[in-house]
Amino acid sequence: MGIVLILGNYRNKLRVSGCSELKVNCRNSGPKQKLKKAKKAEVSFLPDIPEGKTQNVLEGERAAIVAEMKKKKIEAEFARLTSSDLWDTFVSGLDQYLERFLQMYKAKSHCIQTLSSLLSLLDDDNSVQRKRAVILRGLPHFLREDPSKLLKTAETTESEEQMAKGVNIGILLIQEEEDVLDFSMVLEEQIVLNGIRDFPHAVAMLVGLLFALNIDYPKELRYTFEVIQKVLLNIGGEQCSARDHGLRNRLLCKTL
């Protein structure tokens, strides 16, 4: 009986000090609260915010967990449909033609100024990660398509509606001044996935999502997505357009 009284006093002190979970489950003291009446042996769950955390921090952690679960679902559905790992297959195909892509971009940079600007990014950082990003960002330019339909830059001061406005299928690069903070995927002017680490991962996730949902590639980027699917991912490569077939031949002629 002594331990029951001790615990009762302890709970009462917690309630008086403002413990949310104990206050919300109090039946006989305090002002009436509009709470659903608990069934027998049930209590309302209202824990206090952990020490050192805030509501915003907890919301950020919850959003990160949701984003990771979405990524896992996309990867799992892609693996079910193709029997291959999305990222491993994508990056393996990209790295296979890495240097050859750069050679072709340099050859065209004199007539496509944007390619020259992208290649200049490798002057300060010549890592494999930066090369992958440069190749993927330059692909629509090289194939004479509209790159603005693939990647849109937005500032943190904009709302999500403003960021995604005008983007049917694409990727958002969210930055604060010169610092890149995040990459997000957009479908029909709605941000469907954020928290993506870099541009190559964002492209892989976007292709995986379109493939999993059986969504047609945007007409403005038809050849870009065909190259990613049929050359880099090696899915359906036996049937491709003349432009993509020519690109594949140019890649292979220096890699065999």
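Scanning all heavy atoms of the two residues, the minimum distance from L172 to A154 falls at CD2-CB, 4.4 Å. The nearest pair of heavy atoms linking S184 to I191 is CB-CG2, 3.9 Å. For the residue pair R243 and Y223, the shortest heavy atom distance occurs at NH1-CD1, 3.3 Å. Heavy-atom minimum distance, V227 versus L247: CG2-CD2, 3.5 Å. The minimum heavy-atom distance between R132 and P200, with the atom names listed, is CB-CG, 3.9 Å. Here the closest heavy-atom approach between residue A212 and residue L81 is recorded as CA-CD1, 3.8 Å.
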When the side chains of residues 134-141 are checked against the rest of the protein, which donor-acceptor pairs come out under 3.5 Å, sequence neighbours left out?
none

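The hydrophobic cluster containing I171 does not contain M163, counting ILVMFWY residues as joined when their side-chain heavy atoms lie under 4.5 angstrom apart, directly or transitively. Hydrophobic clustering (side-chain heavy atoms under 4.5 Å, transitive across Ile, Leu, Val, Met, Phe, Trp, Tyr) groups F78 together with M205. Each of V66 and L187 belongs to its own hydrophobic cluster when Ile, Leu, Val, Met, Phe, Trp and Tyr are linked at side-chain heavy-atom distances under 4.5 angstrom. Both Y97 and V128 sit in one connected hydrophobic cluster of ILVMFWY residues. Membership requires side-chain heavy atoms under 4.5 Å apart, directly or through other members. Hydrophobic clustering, with ILVMFWY side chains joined whenever heavy atoms are under 4.5 angstrom apart, groups L232 together with I74.
Contacts of K53 classified as salt bridge (Lys or Arg N to Asp or Glu O under 4.0 Å), with partners at least two apart in sequence or in another chain: E61. Residues meeting the side chain to side chain donor-acceptor pair (under 3.5 Å) test with N234, sequence neighbours left out: none. Partners of T157 according to the side chain to side chain contact (heavy atoms under 4.5 Å, CB included) rule, which considers only residues two or more places apart in sequence or in another chain, are E155. Partners of T156 according to the side chain to side chain contact (heavy atoms under 4.5 Å, CB included) rule, which considers only residues two or more places apart in sequence or in another chain, are I174, E176, L181. Scanning for side chain to side chain contact (heavy atoms under 4.5 Å, CB included) contacts around S159 gives E161, Q162, with sequence neighbours left out.
To the nearest 0.5 Å, atom CG of residue N194 and atom CE of residue M185 are 9.5 Å apart. From I169, atom CD1 reaches atom NZ of K219 across 12.0 Å, with rounding to the nearest 0.5 Å. Here CG of L193 is found 12.5 Å from CE of M69. Values are rounded to the nearest 0.5 Å. Once rounded to the nearest 0.5 Å, the distance linking OG1 of T153 with CG of L173 reads 5.0 Å. Rounded to the nearest 0.5 angstrom, I228 CD1 and L150 CG are separated by 7.0 Å. One distance of note links CG of L58 with CD of Q55; it measures 6.0 Å at 0.5 Å rounding.
For the residue pair T54/N56, the side-chain donor-acceptor check at 3.5 Å is not satisfied.
Side-chain contact between L102 and L122 is present, with at least one heavy-atom pair separated by less than 4.5 Å. Residues K108 and F142 are in side-chain contact: their nearest non-hydrogen atoms beyond the backbone lie under 4.5 Å apart. Proximity of V180 to F199: side-chain heavy atoms (C-beta onward) are nowhere separated by under 4.5 Å. With contacts defined as side-chain heavy-atom distances shorter than 4.5 Å, the pair L118/Y105 does not qualify. L233 has its side chain out of reach of S84: every pair of non-hydrogen atoms, C-beta onward, lies at least 4.5 Å apart. Residues R248 and K230 meet the side-chain proximity criterion, which asks for heavy atoms closer than 4.5 Å. For the pair N126/R130, no side-chain contact is recorded, criterion being any heavy-atom separation below 4.5 Å from C-beta on.
A salt bridge is defined here as a Lys NZ or Arg NE, NH1 or NH2 lying under 4.0 Å from an Asp or Glu carboxylate O, and D95 with K131 fails to meet this definition. Taking the charged nitrogens against the carboxylate oxygens, K71 and E75 have no contact shorter than 4.0 Å, which rules out a salt bridge.
At least one donor-acceptor pair under 3.5 Å links the side chain of E145 to the backbone N or O of T224. Although no hydrogens or angles enter the test, the distance criterion places no donor-acceptor pair under 3.5 Å between the side chain of S92 and the main chain of T89. A distance-only check finds no donor-acceptor pair linking the side chain of K152 to the backbone of A164 [under 3.5 Å].
Heavy atoms from other residues, nucleotides or ligands lying under 6.0 Å from CD of E59 number more than 12. E160 CD: 12 or fewer foreign heavy atoms inside a 6.0 Å radius. Counting non-hydrogen atoms of neighbouring residues, nucleotides and ligands closer than 6.0 angstrom, the CG atom of D216 reaches no more than 12 such neighbours. Within 6.0 Å of atom CG in N214, 12 or fewer heavy atoms from other residues, nucleotides or ligands are found, so the atom counts as exposed in its surroundings.
Classification of the W87-F90 ring pair by plane angle, with boundaries at 30° and 60°, yields tilted. The aromatic rings of F225 and Y217 sit parallel to each other, their planes meeting at less than 30°, with 60° as the upper class boundary.
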_Does Q96 form a side-chain contact (heavy atoms from CB on, under 4.5 Å) with L251? I'd like the steps, not just the answer._
CA-CA 10 Å; Q96 178 183 356; L251 290 170; over 6 Å; no
*Between F211 and L86, is a side-chain contact (heavy atoms from CB on, under 4.5 Å) present by the stated rule, with each step listed?*
CA-CA 11 Å; F211 204 88; L86 175 58; over 6 Å; no
